[in-house]
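Here is the structure we will look at.
Note that the numbering runs from 1 along the sequence shown for the chain.
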Amino acid sequence: MTTDTVSEAPKRRRAGGRRGHADRAGGAVIEQMPFKQPVNPDPFVEPLNEDGVQAIHKGVVRILKEIGIGFLNPEACEILKEAGCKVEGHTVFMDEDFLMQMIGRAPSQWTVTPRNPDKKIVIGGRHMAFGNVSSPPNSWDLKRGKRSGDMATYVDFIKLTQYFNCIHFAGGYPVEPIDVHARERHLDCLFHKLTLTDKVPHAYSLGRERVEDVMEMCRIAGGLTREEFDAKPHMYTNINSVSPLKHDFPMLEGAMIHARRNQGVVVTPFTLAGAMAPVTMSGAVALSLAEGLAAIALLQYINPGCPVAIGTFTSNVDMKSGAPAFGTPEYMRATQMTGQMGRFYGLPIRSSGVCAANVPDGQAMWETSNSLWAAVQSGSNMVYHAAGWLEGGLIASPEKFVMDCEVIQHIQRYFDPALTSTTPDDIAVEAIAEVGPDGHFFGCQHTQERYQTAFYQPFASDWRNYEAWDLAGGVWTAERAHKISRDIIDGFEAPPMDIAIRSELVDFVARRKAEGGVPTDF
């Protein structure tokens, strides 16, 4: 994409939407809940007893002290050597005292504020935040099938990310736009992310140049000075370890830059039991925690109190084919166990909404629902890939995005304290007496005063009986979701942005492209 193309991205337009929901960009294609970060009121599922928690912790300590973690970044090794850790080559060994001292510096909760302060989110405590699918190389939809990612499709998914109020942060690229060269891809992607959304943005930790470009663009988009930007989180990154037992150079470099500037870092080992981790779930969780905590200890030594979170991406492989499996019983338990251990270490928790299905069918939804409800049960604070994920992360689908958002809204409604309110009006003894044994509640005053808001109203589900559904065309869920997604994309209106700020972003992108972007070997 050329700089001229970037400069032609949508200008400031009036936000539209459901009456009273003016914070959402775009017309009222569907009726949806307003943007609001949900708070999980329920007791968390904690499958480990105290002995189990201590057993996993002791396993973590042994891994770090006896086996060590590879830090494939000389600067990180030097920092940890200075901190008193034993370093042999690129393998770093940590003892329990150092680990717990560093982890103890990390905040249990932090807030990240994007360019629109009304869209700030809290990471930690009982707060939950859901994000879009991130990083697939391919997309799939009902009309065009599976194809490689491109910038036009990337923009479509960014529009969906902004439109749905149940999506709280704009994670990694919802599809990789391979039609733009890697030396400048991050510039175009962040330009569209920052102008087409006003939600919390993500930066890939893929080397210093990309990270610093994205930080500068986020600073410009927020209208902030360097000092204001560095004072508190306005964006975040997610890094993955290279399981087993390694962290690579560019991700560590990006994470350290974020930490020094007080921007959020989520450390998420990707451990598949039976392949990159022990086949037992407690062993896989212990390995995952050791890898993640080692990186968090590094960041807390660099900048005590910098915002971090521990991520879980522990699932299993299909032992018949070796393919990753997601949304499995093992995935659910590993997520719950990691959530419990995250609270033991006093850290915010990230999990994911994932599946192994190839198309948005029944398998896709039961596996994703398992993943999303495991996030709820585990006490997760950030839920990656919550909308749009298929084929184990190799495909992003707009139909699946819409269908997942329906599930996320179910979860948000499930949290609504109105459902468990027990005031006299809620107990409704007078209404029960009014109706008596021979009446019904459809017409009583109690119902008439509440029927419009009493129950969740779906935007993708069809609650008609078979005959009515068939008479209306017999449209299956994915077909309904396809139409919803296209209507949203085609009628999208970008959130407001000051014209001077937008112009400064355009100029920055143009300058960095003229300078050659970032170095690549191709």
Side-chain angles (χ1 to χ4, degrees), residues 32-48 53 106-113 118-132 164-169 171 199-200 233 236 238 264 266 268 285 292 307-314 326-327 329 331-354 365-387 389 404-422 426 455-456 458:
Q32 62 171 322
M33 295 176 176
F35 183 93
K36 182 180 179 182
Q37 188 177 5
V39 175
N40 186 346
D42 289 356
F44 301 134
V45 173
E46 298 197 328
L48 301 169
V53 170
S108 61
Q109 179 172 300
W110 42 279
T111 300
V112 54
T113 305
D118 293 337
K119 301 289 177 69
K120 67 183 177 183
I121 55 175
V122 177
I123 308 300
R126 290 186 166 271
H127 294 84
M128 293 192 76
F130 296 89
N132 58 312
F164 278 101
N165 292 330
C166 63
I167 301 299
H168 303 97
F169 60 91
K199 297 179 179 180
V200 168
Y236 76 97
N238 179 87
V266 182
T268 310
V285 168
V308 294
I310 186 74
T312 171
F313 210 80
T314 298
F326 296 103
Y331 175 89
M332 296 179 73
R333 277 306 195 196
T335 301
Q336 294 163 0
M337 292 162 69
T338 307
Q340 186 174 359
M341 295 304 298
R343 284 185 291 280
F344 172 79
Y345 292 114
L347 296 170
I349 306 149
R350 173 231 143 156
S351 61
S352 300
V354 287
M365 296 317 296
W366 74 59
E367 290 178 351
T368 302
S369 290
N370 283 350
S371 300
L372 291 174
W373 282 103
V376 171
Q377 295 166 344
S378 69
S380 292
N381 305 115
M382 295 184 80
V383 186
Y384 259 58
H385 313 300
W389 166 293
D404 289 339
C405 284
E406 184 86 276
V407 178
I408 297 168
Q409 283 210 157
H410 286 183
I411 291 170
Q412 294 192 166
R413 174 59 172 168
Y414 174 83
F415 289 160
D416 192 334
L419 297 185
T420 52
S421 178
T422 55
D426 295 300
F455 307 127
Y456 176 79

At what distance, to the nearest 0.5 angstrom, does [atom1] of [X] lie from [atom2] of [Y]?
| X | Y | atom1 | atom2 | result |
| --- | --- | --- | --- | --- |
| N40 | S378 | CG | OG | 8.5 Å |
| Q336 | Q377 | CD | CD | 5.0 Å |
| W389 | S371 | CH2 | OG | 9.0 Å |
| M128 | Q37 | CE | CD | 9.5 Å |
| H410 | W373 | NE2 | CH2 | 9.5 Å |
| K199 | I121 | NZ | CD1 | 10.0 Å |

Compare every heavy atom of [Y] with every heavy atom of [X], then report the nearest pair and how far apart it is.
| X | Y | value |
| --- | --- | --- |
| W110 | G264 | CH2-CA, 3.7 Å |
| C166 | Q32 | N-OE1, 4.5 Å |
| A375 | V383 | CB-CG2, 3.8 Å |

Quiz item: Pairs in or reaching into residues 122-132: which pass salt bridge (charged side-chain N to carboxylate O under 4.0 Å, His left out), with residues at least two apart or in two chains?
Solution: none

Quiz item: Residues in ring pair (Phe, Tyr, Trp, His ring centres under 6.0 Å) with F415, at least two apart?
Solution: none

Quiz item: Can you check side chain to side chain contact (heavy atoms under 4.5 Å, CB included) on V308 and L347, steps first, answer last?
Solution: CA-CA 8 Å; V308 294; L347 296 170; 4.2 Å; yes

Practice problem: Over 60° means perpendicular and under 30° means parallel, so classify the ring planes of Y384 and Y236, tilted if in between. | Solution: perpendicular

Quiz item: Does the ring centre of Y414 sit less than 6.0 Å away from the ring centre of Y456?
Solution: no

Self-check item: is_close_aromatic(F313, Y331), centroid dist under 6.0 Å
Solution: no

Exercise. Apply the test side chain to side chain donor-acceptor pair (under 3.5 Å) to residues R350 and N238: give CA-CA distance (whole Å), side-chain angles for both, the deciding distance (0.1 Å), then the verdict.
Key: CA-CA 10 Å; R350 173 231 143 156; N238 179 87; 3.0 Å; yes

Measure from the side-chain N and O atoms of [X] to the backbone N and O of [Y], and report whether any donor-acceptor pair falls under 3.5 Å.
| X | Y | result |
| --- | --- | --- |
| H168 | K36 | yes |
| Q109 | P348 | no |
| N381 | I123 | no |

Close side-chain approach of [X] and [Y], heavy atoms under 4.5 Å:
| X | Y | answer |
| --- | --- | --- |
| V354 | E367 | no |
| H385 | N132 | no |
| Q340 | P47 | yes |
| V376 | I411 | yes |

Quiz prompt | T368: partners by side-chain contact (heavy atoms from CB on, under 4.5 Å), with sequence neighbours left out | solution = C355, L372, K400, D404

Exercise. Report the C-alpha separation of C405 and I167 in whole Å, then their side-chain angles, then the decisive distance to 0.1 Å, and conclude whether the side chain to side chain contact (heavy atoms under 4.5 Å, CB included) test is met.
Key: CA-CA 8 Å; C405 284; I167 301 299; 4.0 Å; yes

Quiz item: Quick check: are there more than 12 heavy atoms from other residues, nucleotides or ligands sitting under 6.0 Å from CZ of F344?
Solution: yes

Exercise. Run the numbers on V200 and K120 for side chain to side chain contact (heavy atoms under 4.5 Å, CB included), then give the verdict.
Key: CA-CA 7 Å; V200 168; K120 67 183 177 183; 5.9 Å; no

Exercise. Apply side chain to side chain contact (heavy atoms under 4.5 Å, CB included) to F130 and M382, showing your working.
Key: CA-CA 6 Å; F130 296 89; M382 295 184 80; over 6 Å; no

